[in-house]
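Have a look at the structure below before the remarks.
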Amino acid sequence: MNYNPQGIEFKWQEAWDKNQVFKAEDLSKKPKFYLLFEFPYASGAGLHVGHCRSFIALDVVARKKRMEGFNVLFPIGWDSFGLPTENYAIKTGIHPAAATQQNTENFKKQLKFLGFSFDWSREINTSDPVYYKWTQWIFVQLFKKGLAYKAKIPINWCPSCKIGLANEEVIAGNCERCGTKVVQKEREQWMLKITKYADRLLEDLEKVDYPERVKLAQKEWIGKSEGWVIKFKIKNAKGKTDNEVEIFTTRIDTLFGVTFLVLAPEHSAIEKLKTQISNIKAVEQYIGSAQMKAAKNNQGKDARSGIELRGVTAINPANNREIPVFLADYVSSQYGTGAIMGVPCHDQRDFDFAKQKNLPFVEVIEPYQAHKTLPQKAPWIVSGGQFESAYEGEGFLINSERFDGLPSFAARVRIGEWLQKKIGKIAEKATYYKLRDWIFSRQRYWGEPIPMVYCKNCNWVPLKESDLPLELPDIKEYKPTDEGDSPLAKIKGWVNAICPKCGAVARRETDVMPNWAGSNWYYLAFAFWHKLGTQNSKRKTQKENIFEQYEKEIAYWLPVDWYNGGMEHATLHLLYSRFIYKFLWDIEAVPKLLGPEPYKKRTSHGIILGEGSVKMSKSKGNVIDPLEIAKEFGVDTLRIYQMFMGPYEQMIPWDTKSVKGARRFLEKIWNVAEKNIEHLKDKTALSIEKALHRTIKKITEDIDNLKFNTAISSLMEFCNSWKDSGSYLNKKDFGVFLKILSPFAPHISEALWEKAGFEGLCAVQLWPKYNKVLAQPESTMLILQVNGKMRDKLETVGDISEEELKEMALAREKISKWVRGQTVRRVVFVPGKLINIVV
RNA sequence: GCCGGAGUGGCGGAACUGGCAGACGCGCACGGUUCAGGGCCGUGUAUCGUAAGAUGUGAGGGUUCGACUCCCUCCUCCGGCACCA
C-alpha cells in the first residue's frame, strides 16, 4: 500500500479528539508546561504560512513535552477586536461581530484540518462579552489606582484611519497600518501610566529568558537615562535674575563647555519671559512655523533651525558666564525638562547648531590618548572653525577650573555634588525615560467600550463592577464622525447615562480600547477558561472577581514557560502585557507567590518570504496558502517542510519545489517501514541500533534548542542508513523510531504504530531515552595532517599509546610521501581527533 | 548616525569547545526502469585541472601546529531605534 496521507490523517485526528489526548489537566501532580503562541487575529484572509511556522514549531514541542511526562497546556484563542474587521464593516456593511464569527470559524476549521494538539476546551475570544467583562474590570482597577487618567494631549493622528495612535504604532512618522503620514492633533484621551512601571519593566528583563534582540528593543524603547537637572538663572536687559530655566543633561562633566541654552519651541518659560524678549514677534512667528513643521512631521536633522531670545541671557552656575538663549525645534518639549545646555564641542547636535548660528566653542574634554599636559591657561572662546566634529567620548577635563585633569566619569559625580552642596539647590540628580504613557483610547467602534461615565459633579466615574460587562451596542453605521469621534458618539441612548455615584445625568465615554487590550491578560484566562460557561454573559463569579475565583489554577499554570511571538510585538504587546501583568500582580489579582513576570522564555519565529526572497503579499500574488499545501501533499508534509526549511528564528524564503522533498522523505519512511513491519521479529543490527540512539539524542536536544531543521536532517540521515543497510529494526526499536518521528509527523507515526500492531496511540507513549554508549560516534577516525592539511585517516581500535599512533601515522604511505626529505619539527597529538605532523 | 544579527556551492542551509568545510534537502547532469511525459531507482554534483594536485567559508591583515569558528581594519545585507540632551 502506498503512502496516502489524505486517507489517514483525518482518522488519527479523530482518534486524538475522542481520547482527549491533548487536554491539559488542572492542578495535576505531573510537572506542568505552559506553551503559548500569540493568539491569532482572525482576519478574513485565513491562516497563512507564517502562522503555521510558529504553530507547528510549538506543536512539536508540545507533543514531545507530553511524551516526556509533562502536563502540557497548549491553548488557542482569538484576538478578535480590531481595525481590519471594522474597516471591512465600513466597506461592506457587514457587522464586525458577524464577520468575526465567520473568520473565527474559518480559522478554526483550518487549524482542525492541520491537526494541532491544542486543548480546544479553553478557547477564548476577546470580543466575547464574557471575556471583555474582565478586560473592562482591569481598566476600572487601573483607574481606581490612579493609573488610568484622561488627558488632553497632542496625539498622533492618522487622517486616513481617523484614529489616534500610540507612539509605538507610528513607524517613521507614518501610520503603522495604512502608511499615511501621521499628524498631531489635540484630543482628550485615556492614558495608562506605564511610565510608572518603567524601572521595573527594565530591571525585570534580567529575570527572563528572552532573545537578546528582544531585550534590547525593550531597553531602547524604555530609554532610561540618568543625569542631572540644573537651574540656569535668566537675566533680563535690566540685569534682573528673577527667572530661571531647568535643563536636563547626562553630561554634567561638560558644564564648563556650555556656550548657549536651547529651549523647545513649546517651552512654558517663553510665556513668562514674553515682556523681556525684544524680538518677541519673530520668536512667536518661529514658534508657529515650528508647530507647522511638527504637525507635518518633517523635522529634518540637517536643517538646524532656531531663533535667539534677544534681551535675555542665561547664567552658567558653574562659572557665572552669561550665555545666549535660543529656541530651536531640535529640542523636544516631550522629553526631559524641554530645555538643554548647548555644548558644541562635545555634542554633535549642539555642534551643528553652533556652527550654523556662529556661536562660540570651548573644549572641555580631551580624549585620554591625546592628553599630554594640562593647558596652562584656558582660552574660553574658541572659534568653531578649528573643529570638524564634536568629541562625545570620555577623557580628561580641561578648561574647567578646579576640575581640570579629572577623568570625565569622575567629574560627572564631582561637579554634580559641588553644584548641589557649595552653591545651593541648583542641581539635582534626575532620571528620564523615552517611554511615554500609553494612549488607551480609540475613537472607534469595534473594541471594548471603556466603562467610564463623565458626571459634572463627580468628574470621571467608573461603572460599578457588578454592572460589567458594558456591552457594545448594535449599530448600523460604523464610520467615525468627521470630528474623529467614535460612531458610538452618534447614539444618544449610548451617550446619555446616569452617574453611578450621585445619580445625576451624565455622559458616557464613547471611545473604545485599543486592539492591545484583550491580549493584556489572555495568558491568564487560559488557566481556567474551560471552567466558565460562555452562554450567559452576565454570569457572576462566587468570589469577588474571576482572578480570585480561579486563583489556584492561575497559580498552577503561570508563568508561561515558553512564549512564542513575532518580533513586531517586542515593544507593543510584549511590553504592554508585561505591564498589565505586573499591575495585576501588585493588586494581587495574580497570586503573589508567582513572580513579577508572566513569561519565562520568549522566542520569535523568522518571517516567511515568498519565492525569490521577496515579501509575501497579496498584491504580489505570491501568497502561499498552507491549506492548499496540506491538501495536496498532506499535513505531515507541510509540517516536515516548514520545520526543515531553515533555522526557526531566521527569515526564510518559501520554496514549493522543496516541499516535494519533505513528501519524498515521508514516502521513503512509509516504504521502509512497511517492509520492516514484516521483520519485526528480526534482531536490530548493531550499526543501525547505534544510529538510532544517536538520532534519539540529537532530536531530544534539538527540539529543546529550537533546531528543528537539524533534527529533521538527522531523521533523514537515519532513514537513509536504515534503508541502505537493508537490515531491520525489531519491534521495540521500530516503536522508538515512530516515537521520535511523531512530534514532527504525528499522523504517519500513528498509522504505522497501528500497522505494526502496537497498542494505544503513539501520541501518548513515553519519550525514548538514548543509551549513552550506543549513542557514541560510530568509530574513532584519527585525522592525519601534515602542516595542518588533511592527508590521510587512520582507523583506531582499542587502546593504543600516543607514541605507537605517531609511529603508525608516519608509516602510512600517504603521510611519508609528504614528510620524506624533510625534518619533522613537531608532532601535535589530539587524543581521539588527529595527529598533525609539522615539517 | 547609534545598537543588534548575518555574509559558506546554482538554491535553502550544516559544521560540537579552534581539529575531515559543504551534512541533509532542493535543483541540475548522466544512466536505469518494456521508459510518451511525469514518477520512481542509481550515480555524480564547490572551483581550476586529463591527472597528481592546487585553491576555497564577504575583502584584507593577525594569532595558532591548525581558523567558517578567536583578534584587528574594512565592505555588504537584514532588523531595531532615531534630534531623547
Side-chain angles (χ1 to χ4, degrees), chain A residues 171-173 211-221 223-225 227-228 247-252 254 262 264 299-302 304 328-332 334-343 346-350 352-353 392 432-436 567-568 570-571 604 606-607 609 611-613 640-641 644-647 649-662 664-665 667-668 671 701 707 709-720 777 781-793 817 825-830 832-839:
Chain A
I171 306 299
E212 209 44 44
R213 54 182 176 157
V214 174
K215 285 194 185 184
L216 274 163
Q218 294 213 351
K219 262 180 214 167
E220 277 266 307
W221 192 260
K224 181 177 184 172
S225 358
W228 291 78
I247 62 95
F248 175 61
T249 180
T250 53
R251 291 298 301 270
I252 197 170
T254 63
V262 190
Q299 294 140 287
K301 268 182 245 182
D302 320 314
R304 275 283 111 107
D329 62 5
Y330 82 91
V331 175
S332 160
Q334 309 252 333
Y335 184 80
T337 59
I340 60 149
M341 61 185 207
V343 187
H346 304 292
D347 183 292
Q348 192 58 41
R349 295 155 302 180
D350 298 344
D352 296 338
F353 188 72
E392 297 183 335
Y432 284 97
Y433 302 87
K434 285 193 221 175
L435 185 72
R436 306 287 154 77
M567 248 338 260
E568 70 274 19
T571 55
S604 275
I607 59 167
L609 302 169
E611 303 214 14
S613 293
I640 292 279
Y641 171 66
F644 182 62
M645 63 195 301
E649 306 208 86
Q650 193 180 301
M651 206 194 283
I652 215 97
W654 181 270
D655 179 22
T656 299
K657 274 190 198 147
S658 295
V659 177
K660 271 194 237 163
R664 274 202 280 255
F665 168 55
E667 276 168 11
K668 188 186 281 180
N671 294 334
E701 290 165 0
K707 291 170 82 174
N709 54 334
T710 51
I712 288 174
S713 80
S714 72
L715 273 173
M716 288 171 167
E717 273 176 274
F718 173 75
C719 284
N720 290 343
M781 276 282 201
L782 262 196
I783 290 146
L784 305 182
Q785 294 180 330
V786 178
N787 282 350
K789 289 220 167 87
M790 207 268 289
R791 294 301 179 188
D792 200 3
K793 289 174 198 175
K817 182 176 144 194
R825 274 206 266 159
R826 192 175 156 189
V827 180
V828 182
F829 176 72
V830 185
K833 287 254 170 77
L834 70 110
I835 293 176
N836 187 13
I837 298 156
V838 188
V839 297

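Lettering follows sequence order; numbering is per chain, from 1. This is a predicted model, so every value here is computed, not measured.
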Pairwise [atom1] distance, [M] and [N] [rounded to whole Å]:
N: B:C65; M: B:G1; atom1: C1'; value: 44 Å
N: B:U57; M: B:C20; atom1: C1'; value: 15 Å
N: B:U8; M: B:A23; atom1: P; value: 16 Å
N: B:C77; M: B:A54; atom1: C1'; value: 32 Å
N: B:C11; M: B:A59; atom1: P; value: 15 Å
N: B:A29; M: B:G19; atom1: C1'; value: 34 Å
N: B:A36; M: B:G53; atom1: P; value: 45 Å
N: B:G58; M: B:G37; atom1: C1'; value: 43 Å

Open item on the list: Using O4'-C1'-N9-C4 for purines and O4'-C1'-N1-C2 for pyrimidines, with syn meaning within 90° of 0, is B:G49 syn or anti?
Closed with: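 Anti, angle beyond 90° from zero.
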TODO: Pull up the glycosidic torsion of B:U34 and say syn or anti, syn being anything within 90° of 0.
DONE: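 In terms of base orientation relative to the sugar, B:U34 is syn.
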Atom pair [atom1] ([X]) and [atom2] ([Y]), whose distance is rounded to the nearest 0.5 Å:
X: A:Ile247; Y: A:Thr337; atom1: CD1; atom2: OG1; answer: 6.5 Å
X: A:Met567; Y: A:Arg213; atom1: CE; atom2: CZ; answer: 5.0 Å
X: A:Asn709; Y: A:Met645; atom1: CG; atom2: CE; answer: 10.5 Å
X: A:Ile252; Y: A:Met341; atom1: CD1; atom2: CE; answer: 7.0 Å
X: A:Trp228; Y: A:Thr249; atom1: CH2; atom2: OG1; answer: 11.5 Å
X: A:Glu611; Y: A:Lys657; atom1: CD; atom2: NZ; answer: 8.0 Å

Interatomic distance, [X] [atom1] vs [N] [atom2] [rounded to whole Å]:
X: A:Asp352; N: B:G1; atom1: CG; atom2: P; result: 14 Å
X: A:Asn836; N: B:G66; atom1: CG; atom2: C1'; result: 6 Å
X: A:Trp221; N: B:A82; atom1: CH2; atom2: P; result: 5 Å
X: A:Phe665; N: B:C26; atom1: CZ; atom2: P; result: 11 Å
X: A:Glu649; N: B:G79; atom1: CD; atom2: C1'; result: 14 Å
X: A:Gln348; N: B:A85; atom1: CD; atom2: C1'; result: 14 Å
X: A:Met567; N: B:C81; atom1: CE; atom2: C1'; result: 12 Å
X: A:Glu611; N: B:G27; atom1: CD; atom2: C1'; result: 13 Å

Please produce a list of atom pairs where a protein N or O lies less than 3.5 Å from an N or O of nucleotides 39-46 of chain B.
residue	atom	partner	partner atom	Å
B:C40	OP2	A:Arg664	NH1	3.4

- [ ] Please answer whether the main-chain N or O of A:Leu834 pairs with a side-chain N or O of A:Gln785 as donor and acceptor at a distance below 3.5 Å.
- [x] no
Open item on the list: Taking A:Ala570's backbone N and O only, do any of them form a donor-acceptor pair with A:Gln218's side chain (distance below 3.5 Å, no angle check)?
Closed with: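 Such a contact is found between A:Gln218 side chain and A:Ala570 backbone.
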When we call it a touch if two heavy atoms are under 4.0 Å apart, what does [X] touch: a base, just sugar-phosphate, or nothing?
X: A:Gly223; result: nothing
X: A:Val331; result: base
X: A:Ser713; result: base
X: A:Val838; result: sugar-phosphate
X: A:Lys707; result: sugar-phosphate
X: A:Glu717; result: sugar-phosphate
X: A:Lys657; result: sugar-phosphate
X: A:Ser332; result: base

Could you tell me if the side chain of [Y] sits less than 4.5 Å from the side chain of [X], heavy atoms only?
X: A:Val838; Y: A:Asn787; answer: yes
X: A:Lys668; Y: A:Asn720; answer: yes
X: A:Asp347; Y: A:Thr254; answer: no

Listed pairs, N/O of protein and of nucleotides 10-13 of chain B, under 3.5 Å:
residue	atom	partner	partner atom	Å
B:G12	O2'	A:Met645	O	2.6
B:G13	OP1	A:Gln650	NE2	2.6

Task: Position toward the 5' end of RNA chain B (nearest nucleotide), A:Val659 or A:Val830 - done: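 Going by which nucleotide is closer to the 5' end, it is A:Val830.
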Task: Intermediate values then yes/no, side chain to side chain contact (heavy atoms under 4.5 Å, CB included), A:Gln334 and A:Arg436 - done: CA-CA 9 Å; A:Gln334 309 252 333; A:Arg436 306 287 154 77; 3.3 Å; yes
Task: Among B:G80, B:A15, B:G25, the one nearest A:Met716 by side-chain distance - done: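 Closest nucleotide to the A:Met716 side chain: B:G25.
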Got a list of side-chain donor-acceptor pairs under 3.5 Å for residues 710-719 of chain A, not counting sequence neighbours?
residue	atom	partner	partner atom	Å
A:Thr710	OG1	A:Asp702	OD2	2.8
A:Thr710	OG1	A:Lys707	O	3.2
A:Ser713	OG	A:Thr710	O	3.1
A:Ser714	OG	A:Ala711	O	2.7

Task: Dot-bracket notation for RNA chain B, counting Watson-Crick and G-U pairs under 3.5 Å, with | for partners on another strand - done: (((((((..(((......[....)))(((((((.....)))))))(((....)))..(((((..]....))))))))))))....
Open item on the list: Angle between ring planes, A:Tyr641 versus A:Trp654, binned at 30° and 60°: parallel, tilted or perpendicular?
Closed with: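 Answer is perpendicular, since the angle exceeds 60°.
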Open item on the list: Over 60° means perpendicular and under 30° means parallel, so tell me whether A:Tyr335 and A:Tyr432 are parallel, tilted or perpendicular.
Closed with: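 Aromatic pair A:Tyr335/A:Tyr432 classed tilted.
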TODO: Under the side chain to side chain contact (heavy atoms under 4.5 Å, CB included) rule, what do A:Leu784 and A:Met790 come out as? Steps first, then yes or no, please.
DONE: CA-CA 6 Å; A:Leu784 305 182; A:Met790 207 268 289; over 6 Å; no
TODO: Go along nucleotides 52-57 of chain B 5' to 3' and tag each nucleotide: B for a protein heavy atom under 4.0 Å from its base, S when only backbone or sugar atoms are that close, - otherwise.
DONE: SSSS--
Task: Base versus backbone protein contacts along nucleotides 2-7 of chain B [heavy-atom cut-off under 4.0 Å; B, S, -] - done: --S---
Task: Between A:Asp352 and A:Gln348, a side-chain donor and acceptor under 3.5 Å - done: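 Yes, a side-chain donor-acceptor pair sits under 3.5 Å.
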Task: Least distance between heavy atoms, A:Thr250 atom then A:Ser225 atom - done: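 Scanning both residues completely, I find the closest heavy atoms to be CG2-CB, 3.8 Å.
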TODO: Taking all heavy atoms of A:Gly646 and all of A:Ile652, pick out the closest pair and write down the distance.
DONE: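 Shortest heavy-atom separation between A:Gly646 and A:Ile652 comes out as CA-CD1, 3.6 Å.
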TODO: Considering just the side-chain nitrogens and oxygens of A:Asn720, establish if one lies under 4.0 Å of OP1 or OP2 belonging to B:A23.
DONE: no
